[in-house]
Enquirer: 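Okay, here's the structure, questions in a sec.
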Amino acid sequence: MNKDDAEKRIGKLRREIACLREEYHVYDKPSVSDAVFDSLNRELKNILRKYPEFADSNAPENRVAGRPLEKFAKVHHKNKMLSLNDVFSEEELRDWEKRVKKLLNLEALPPLGGKASKFDYFCEVKFDGLAVSLIYSKGRLVKGATRGDGLIGEDITENLKTIHSIPLVLMLPYPEYLEVRGEVVMSKATLAKLNKKNKRENKALFANTRNAAAGSMRQLDPKLAAERHLDFFAYDIAEISNGGQVAPKSHSEKHIILRKLGFQVDKNEVVCKSLDEVLSFIRKFEKIRPSFSYGTDGVVVSVNSLEFQNMLGVAGKAPRFMAAFKYPAERATTVIKEVKINVGRTGVLTPLAVFEPTAVAGSTVSKATLHNMDQITRLDLRVGDTVVIEKAGDVIPKVVEVLPRLRTGKEKKFKMPKICPSCGGKIEKKNLGTAASVAHYCVNQKCFAKDERYLEHFVSVFGIYELGPKILRRFKDEGLITDAADIFTLEKEDIELLEHFGKKSAENIINEIKSKKKIPLDKFLWALGIVHVGEETARDLAAHFGTLEKVIISAIPARISARMVLAEIDSLENIGPVVSKSLHDFFQNKNNLDFIKKLEKNGVVIEKANKRERGKLTGRTFVLTGTLENMSREIAKEKILALGGKVSGSVSAYTSYVVAGAEPGSKLKNARKLGVKVLTEEEFFKML
Ligand code: IVH
């Protein structure tokens, strides 16, 4: 990026960040997740590191929170309410430690003895709620305020008094004056209940526990705030007068005092002697976090000793002695460089967004799927756009949103190619049926990309893991296999002769192939790579028909006199006309029947399937979203399957129910759009 481009991008990012801050801090209605906001800030910081001449202390990235709302009285904070600097990885945390030790002149000292022996860290949970300051005079709560811009906040004393975990009177012996900092939070369970009620009353839903907490505190009528069942966790003392408690010498002692005075302080906290201990707390809490009752976005790490804290002081809007470790976000922003086309095993063309390596959910990625042309149109995505990518689990990330306010006008629309980028074959559009969208396919039977992807799919369904994509390509290039059926006639000697393959690896490959010749019918149907017959549909077909012969016979409708008899397959639940047409086309084709015969001749044994027992959930498809309080999603899935129901990963018109736990994702939105019935966890249990 040259200087001109950098200046333009900085301007764009600053405008966007200012807008997002206003949405978040002033209106409690963010349009993007924190991860997206952080990601844009990071990009801005990185550009400013290269071009420091554009740094500006009045720029939005240097502001603390937002401006106060007009409706509440203003409060001048006696002690400024600061913010925290974020770190996103072990490396960044170690850099923070280096800076701290350098500033304290601790680097040169031996690990133990002298000043260094007093040096330790304090770790605690970083709550995701609304930061407030509470002032107690002579042991009584006299004022409570939001952070506002750090200097001036809003007086929300009456609302805060409705929170039971905020003491109105302190326990004895109390100090003359006390200024406590902490977080107003809403539990995940309370949010789930509140959203359920709001839904019933056709009111807007809260996106997360933080917005719900912040929104509740900004109700002008304290009665409304009281209905929200909020909680408060104290985490810091900004000022404490002499008398009462002994003056604290460390952050951990502040927590002890807070507890003695009657505050709720979370028990997940620890004093650490080294950064390795800090990291192990961070890892430990990462495991607890999903089931933790409140929303959290990381761990606050502090230099424990207050003497060291004072020496380190504050830089800009944040103290040098604290760092907020943020867990890897599942969303990030990036700029699309190019859209590439991947040709799949069925010939389907999948557009992939390509971008500079971007960190998301703990790994670095440079491609994300765009699914199909319809999705690109829906997103209105152009090459050059800043987009939000999302990654969950081990699946390829996807582009979920475009940020159009960051456009420069140079972005380019994308068009699907007219010919297959792999073989030059003809491209046809086909309706995808269920998703009511259209996909592009390469219709050339001999397309090499299709062929390669098919082989990869085939061996992975058969569980022949020794044969990765590279080996398969090599075997094909060397003429050892022409199709997937040839895999089963390979001999050890064929492989041993190839360069870079030793006796041992040849033996491993052959042994694995031999051990994987027996395959259940559902897997076999899936392995065939019939268009629209994925894992789930294959399972339905196998459970209904039991044998391959019956599937084939049913897919090809009998002709009785001049009239076609409706094939049994058309009467099956979940098998629409698109699937049955695809099965019909597949089994009509002699090449495909020959391929099946060849597989059987080469030793593949297709196991019969047991017919599915009917249960009380037979015929119903469930989609699970959000955190369930009383059982894991895995258990819920098992229960549904055991009762004859089905579980799907995405919501479609075929979904019977969406079960929404706390903090449900986009699946809930889709359910609403499609008018699919949404069940609460309670309602779902009643069905079991
Ligand atoms: S200490 C100097 N401890 O995080 C600021 N903050 O991103 C003192 N937060 O404004 C903050 N849990 O709203 C601290 N255990 C914790 C926290 C915590 C949540 C919030 C707080 C702060 C924000 C900064």
Side-chain angles (χ1 to χ4, degrees), residues 21 24-25 28 30 34-35 37-38 41-42 61-66 77-88 96 100 121-134 144-151 153-154 156 160 165 179-186 208-211 213-214 217 230-239 248 250-252 254-255 258-259 263-272 278 281-282 285 288-289 292-304 306 309-310 312-327 329:
R21 290 185 75 92
Y24 178 109
H25 289 294
D28 301 323
D34 288 12
F37 179 77
D38 287 345
N41 265 294
R42 251 169 178 271
E61 71 273 17
N62 292 321
R63 272 175 73 105
V64 172
H77 295 300
K78 190 169 164 216
N79 297 285
K80 192 174 173 184
M81 284 186 80
L82 296 166
S83 185
L84 291 175
N85 284 327
D86 294 332
V87 295
F88 293 90
W96 169 75
V100 162
Y121 296 106
F122 187 73
C123 295
E124 64 194 288
V125 171
K126 184 171 188 303
F127 285 98
D128 199 12
L130 181 75
V132 296
S133 174
L134 303 176
T146 63
R147 179 168 59 178
D149 64 3
L151 293 169
E154 299 139 20
I156 53 162
L160 288 167
S165 38
E179 210 172 312
V180 168
R181 299 285 154 83
E183 202 89 348
V184 172
V185 288
M186 182 183 278
N208 53 46
T209 49
R210 185 213 335 115
N211 293 339
M217 278 296 103
L230 295 159
D231 234 322
F232 176 80
F233 285 91
Y235 48 66
D236 198 14
I237 296 175
E239 192 179 329
S250 63
H251 195 72
S252 49
K254 282 185 177 178
H255 277 211
L258 284 168
R259 287 194 178 98
F263 289 95
Q264 171 171 245
V265 181
D266 186 55
K267 64 177 190 314
N268 290 286
E269 59 173 36
V270 65
V271 176
C272 298
V278 169
F281 176 81
I282 287 172
F285 189 67
I288 299 172
R289 197 161 87 102
F292 195 66
S293 306
Y294 301 90
T296 59
D297 57 351
V299 166
V300 176
V301 187
S302 317
V303 169
N304 198 20
L306 299 190
Q309 288 195 0
N310 286 335
L312 288 161
V314 173
K317 58 170 187 148
R320 289 196 190 87
F321 51 83
M322 275 183 174
F325 180 93
K326 293 270 194 91
Y327 288 107

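All ligand and atom numbering here is 1-based and tracks the order in the structure. The figures that follow rest on heavy atoms only: side chains count, while hydrogens, waters and symmetry mates do not.
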Enquirer: Here's a test for you: under side-chain hydrogen bond (donor to acceptor under 3.5 Å, both in side chains), which of Arg181, Glu269, Glu183 qualifies with Tyr235?
Expert: Glu183
Enquirer: In the protein, which heavy atom is nearest to atom 5 (C) of ligand 1, and how far is it?
Expert: Leu82 O, 3.6 Å
Enquirer: Which heavy atom of the protein is the closest neighbour of atom 19 (C) of ligand 1, given with residue, atom name and distance?
Expert: Phe127 O, 3.0 Å
Enquirer: Inspect the contact between Asp297 and Arg210 and indicate whether a charged nitrogen and a carboxylate oxygen are less than 4.0 angstrom apart.
Expert: no
Enquirer: For atom 21 (C) of ligand 1, grab the closest protein heavy atom and report residue, atom and distance to one decimal in Å.
Expert: Tyr235 OH, 3.0 Å
Enquirer: Are the side chain of Asn85 and the backbone of Ala323 linked by a donor-acceptor contact shorter than 3.5 Å?
Expert: no
Enquirer: Under a 4.0 Å threshold between the charged nitrogen and the carboxylate oxygen, would Lys254 count as salt-bridged to Glu124?
Expert: no
Enquirer: Please confirm whether Ala324 approaches ligand 1 to less than 4.0 Å, judged on its heavy atoms.
Expert: no
Enquirer: Which is it for Arg181 and ligand 1 at heavy atoms under 4.0 Å: side chain, backbone, both or neither?
Expert: neither
Enquirer: Judged by non-hydrogen atoms, does Val125 sit under 4.0 Å from ligand 1?
Expert: yes
Enquirer: Contact between Met81 and ligand 1, counting heavy atoms under 4.0 Å?
Expert: no
Enquirer: Any Lys/Arg nitrogen of Glu239 or Lys78 sitting under 4.0 Å from an Asp/Glu carboxylate oxygen of the other?
Expert: yes
Enquirer: Which option out of Lys80, Glu124, Met322, Glu183 puts a heavy atom nearest to atom 13 (O) of ligand 1?
Expert: Glu183
Enquirer: Which residue and atom name correspond to the protein heavy atom nearest atom 10 (O) of ligand 1, and how close is it?
Expert: Arg147 NH1, 2.8 Å
Enquirer: Please report whether the ring centroid of Phe281 lies less than 6.0 Å from that of Tyr121.
Expert: no
Enquirer: Specify side chain, backbone, both or neither for Ala318, according to which of its non-hydrogen atoms lie closer than 4.0 Å to ligand 1.
Expert: neither
Enquirer: Verify, without hydrogens or angle tests, whether Ser165 (side chain) and Phe232 (backbone) share a donor-acceptor contact under 3.5 angstrom.
Expert: yes
Enquirer: Looking only at protein heavy atoms, which one is nearest to atom 23 (C) of ligand 1, and how far off is it?
Expert: Lys126 NZ, 3.9 Å
Enquirer: Angle class for the Phe292/Phe285 ring planes (parallel below 30°, perpendicular above 60°, tilted otherwise)?
Expert: perpendicular
Enquirer: Taking only heavy atoms of Leu84, which atoms of ligand 1 are found under 4.0 Å from at least one of them?
Expert: 2 (C), 5 (C), 6 (N), 7 (O), 24 (C)
Enquirer: Applying a 4.0 Å heavy-atom criterion (strictly less than), which segment of Val300 is in contact with ligand 1: side chain, backbone, both, or neither?
Expert: side chain
Enquirer: Without swapping roles, check the side chain of Glu154 against the backbone of Thr146 for a donor-acceptor pair under 3.5 Å.
Expert: no
Enquirer: Would a distance-only check, ignoring hydrogens and angles, find a side-chain to backbone donor-acceptor pair under 3.5 Å from Asp149 to Leu151?
Expert: yes
Enquirer: Can you find an N or O of Ser83 that's nearer than 3.5 Å to an N or O of ligand 1?
Expert: no
Enquirer: Using distance alone, determine whether Pro319 and ligand 1 share an N or O pair under 3.5 Å.
Expert: no
